[in-house]
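Beneath this line is the structure, given in structure tokens, with notes to follow.
Lettering of chains follows the sequences in order, A, B, ..., and the numbering in each one begins at 1.
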Amino acid sequence: MPELPEVETLVRGAKQKLMGKTIKDVKVAWPKAVGGNVAGFTKTLIGKKIQGASRRGKLIILELSGDVTLLTHLKLTGQLVYEDKSGKLYEGGHREKVLYGAPLPHKFTAVEITFSDGSKLYFNDLRKFGWMKVSDKQHVISNKELAEIGIEPTDKEFTKEKLQELLNKKSKTKIKDFLMDQSLIAGLGNIYSSEILWEAKIAPKRPAGDLKPAEVGELYRAIGKVLEMAIKLGGSSESTYVRLDGSKGNFMDYAKVYQKEGNPCARGDGGKIKREKIGGRSAFWCPVCQK
DNA sequence: CACTTGACCTGTCCGC
DNA sequence: TGCGGACAGGTCAAGT
């Protein structure tokens with residue numbers, strides 16, 4: 001999915017649009033998305049008020065009244081889309097296209113939440129890997145989904161030293177796989193791991209423990225730079241991702257290597273962007289500047 | 001333990 | 001035009 005910048009963008013949207021709203025009705029069209037217990041899921045949510053929005057890695061956390069938490073994971077193709085009571089999304093452009101070519105709700109709407117003011121929140125998911133889950137606050141802390149997530153790269157505690165420490169711990173792991181491991185650093189996925197390694201001029205197959213101090217510094221800098229830029233641009237709409245208002249993120253216009261196989265490297269060093277599977281996923285890099 | 005493969009789903013795109 | 005295969009932002013579990 002949606003990786004950290006996309007999820008962060010959605011959370012910011014939720015803070016703007018959803019706070020204080022009371023859930024009036026919940027419709028579940030894809031029971032698997034909520035763990036099968038449609039009645040329990042629905043009953044827990046109805047009547048609750050939205051009081052907070054945050055994220056942990058790629059997990060979206062909505063805090064509700066009554067100590068209830070609604071967790072959402074969008075996996076590869078999930079969308080969270082807000083519509084006001086007149087059915088309006090954002091101003092202008094490609095609404096049909098980004099929302100799977102049909103008015104909401106449609107065949108990919110897994111969950112539809114209606115608020116007391118008539119506005120709605122849709123959870124759409126083409127590939128149906130995403131999920132929603134409710135639990136009480138006490139429970140969430142010990143929740144496996146949350147407990148096993150590594151450090152937030154946007155936190156102050158994430159320092160160069162901390163990065164070095166993690167690299168030492170997983171010294172034989174390929175650096176691309178290292179970046180994607182959610183239990184080490186939270187929120188990096190297939191787009192940003194490739195983009196970060198290009199920015200840091202590090203080849204994706206290098207063992208994590210082999211990076212020289214200067215390279216660790218570059219990697220640390222690249223993580224911060226790429227994430228900041230991606231968040232600023234509202235994330236990447238590579239296929240189905242949209243912001244809460246249905247509009248697309250703009251980071252793909254600035255991507256240097258992801259999905260750029262065969263293109264000349266943006267550094268102008270004469271390298272041609274390569275693609276190869278690493279850890280089962282396509283990695284993209286420039287063989288000239290990434291050492 | 002690390003690493004790979006398949007599963008979960010549906011769609012798009014490319015080559016023949 | 002049709003068909004088959006590869007591929008797609010993510011995690012899990014099982015096998016080697």
### Message
Regarding A:Gly189, tell me which of base, sugar-phosphate or nothing describes its non-hydrogen contacts under 4.0 Å with the strands shown.
### Response
sugar-phosphate
### Query
Between C:dC7, B:dG11, C:dG9, which one does the side chain of A:Lys277 approach most closely?
C:dC7
### Task
Say whether A:Ile278 and A:Ile273 are linked into one hydrophobic cluster, either directly or through other cluster members, by side-chain heavy-atom distances under 4.5 angstrom.
no
### Query
Between A:Lys43 and A:Asn37, is any side-chain donor less than 3.5 angstrom from a side-chain acceptor?
no
### Summary
With both pairing distances under 3.5 angstrom for Watson-Crick or G-U wobble, and | for a partner in another strand, the correct string for DNA chain C is .|||||||.|||||||
### Message
Let me check something: do A:Ile223 and A:Ile191 share a hydrophobic cluster, defined by ILVMFWY side-chain heavy atoms less than 4.5 Å apart, either directly or through other members?
### Response
yes
### Query
Quick one: does A:Cys265's side chain get under 4.5 Å of A:Val288's, heavy atoms only?
no
### Message
Heavy atoms from C-beta onward define the side chain here; which of C:dT11, C:dG9, C:dA8 lies closest to that of A:Thr240?
### Response
C:dG9
### Query
Is it true that the side chains of A:Asp84 and A:Ser119 contain a donor and an acceptor less than 3.5 Å apart?
no
### Query
Between A:Trp131 and A:Leu126, which has a closest nucleotide on DNA chain C that is more 5'?
A:Leu126
### Message
Strictly below 4.0 Å: does A:Thr77 bring a side-chain N or O up to OP1 or OP2 of B:dG11?
### Response
no
### Task
Answer yes or no for this row: A:Phe129 ring on B:dC9 base, centroids under 5.5 Å, planes under 30°.
no
### Message
In this structure, how many angstroms lie between the P atom of C:dT11 and the CG atom of A:Leu188, rounded?
### Response
10 Å
#### Entry: Side chains of A:Arg281 and A:Ser194, donor plus acceptor under 3.5 Å
no
### Closest nucleotide among B:dC8, B:dG11, C:dT11 to the A:Lys107 side chain
B:dG11
### Task
Using the P atom as the reference point in each nucleotide, state the distance between B:dG11 and C:dT11 in Å, no decimals.
23 Å
### Task
Using atom OH of A:Tyr192 as one end and atom C1' of C:dG10 as the other, report the distance to the nearest whole Å.
15 Å
### Query
A:Leu76 has an atom CG; how far is it from atom P of B:dA7, in whole Å?
17 Å
### Query
Would you find a donor on one side and an acceptor on the other, under 3.5 Å apart, between the side chain of A:Arg55 and the backbone of A:Val11?
no
### Query
Between A:Tyr122 and A:Glu83, does any side-chain donor sit less than 3.5 Å from a side-chain acceptor?
yes
### Length of the line joining A:Arg281:CZ and C:dA6:C1', which is rounded to integer Å
15 Å
### Query
Roughly how many Å is it from CD in A:Glu3 to C1' in C:dA8, rounded to a whole number?
12 Å
### Query
Name the one of A:Tyr258, A:Tyr254, A:Tyr192 that satisfies side chain to side chain donor-acceptor pair (under 3.5 Å) with A:Ser236?
A:Tyr192
### Summary
Regarding the side chain of A:Ile191, the nearest nucleotide among B:dC8, C:dG9, B:dT10 is C:dG9
### Query
Do we see a donor-acceptor contact under 3.5 Å between the side chains of A:Ser65 and A:Lys48?
no
### Query
Are A:Leu18 and A:Phe115 close enough that some pair of their side-chain heavy atoms sits under 4.5 Å apart?
yes
### Query
Under a 4.0 Å heavy-atom cut-off, which of residues 163-185 of chain A touch DNA chain C?
A:Gln182
### Query
Atom CG of A:Leu227 and atom C1' of C:dG9: how far apart are they, to the nearest Å?
14 Å
### C1'-based separation of B:dC3 from C:dG9 [nearest Å]
23 Å
### Query
Hey, is the side chain of A:Lys58 poking within less than 4.0 Å of OP1 or OP2 on C:dG10, counting only N and O atoms?
yes
### Query
With a cut-off of under 6.0 Å to the ring centre and 45° to the axis, is A:Lys128 in cation-pi contact with A:Trp30?
yes
### Query
Side-chain N or O of A:His73 less than 4.0 angstrom from OP1 or OP2 on C:dT11?
yes
### Task
Write down the distance between NZ (A:Lys128) and C1' (B:dG11), rounded to a whole number of angstrom.
12 Å
### Whole-Å P distance, B:dT5 and C:dA6
13 Å
### DNA chain C contacts among residues 255-263 of chain A, heavy-atom distance under 4.0 Å
A:Tyr258, A:Gln259
### Message
Looking at B:dA7, I'd like to know if its phosphate oxygens (OP1 or OP2) sit under 4.0 Å from a side-chain N or O belonging to A:Arg127.
### Response
no
### Task
Would you verify whether the NZ or CZ of A:Arg267 falls within 45 degrees of the ring axis of A:Trp198 while also being under 6.0 Å from that six-membered ring's centre?
yes
### Query
Could you state the CE-C1' distance from A:Met252 to C:dG9, rounded to the nearest angstrom?
10 Å
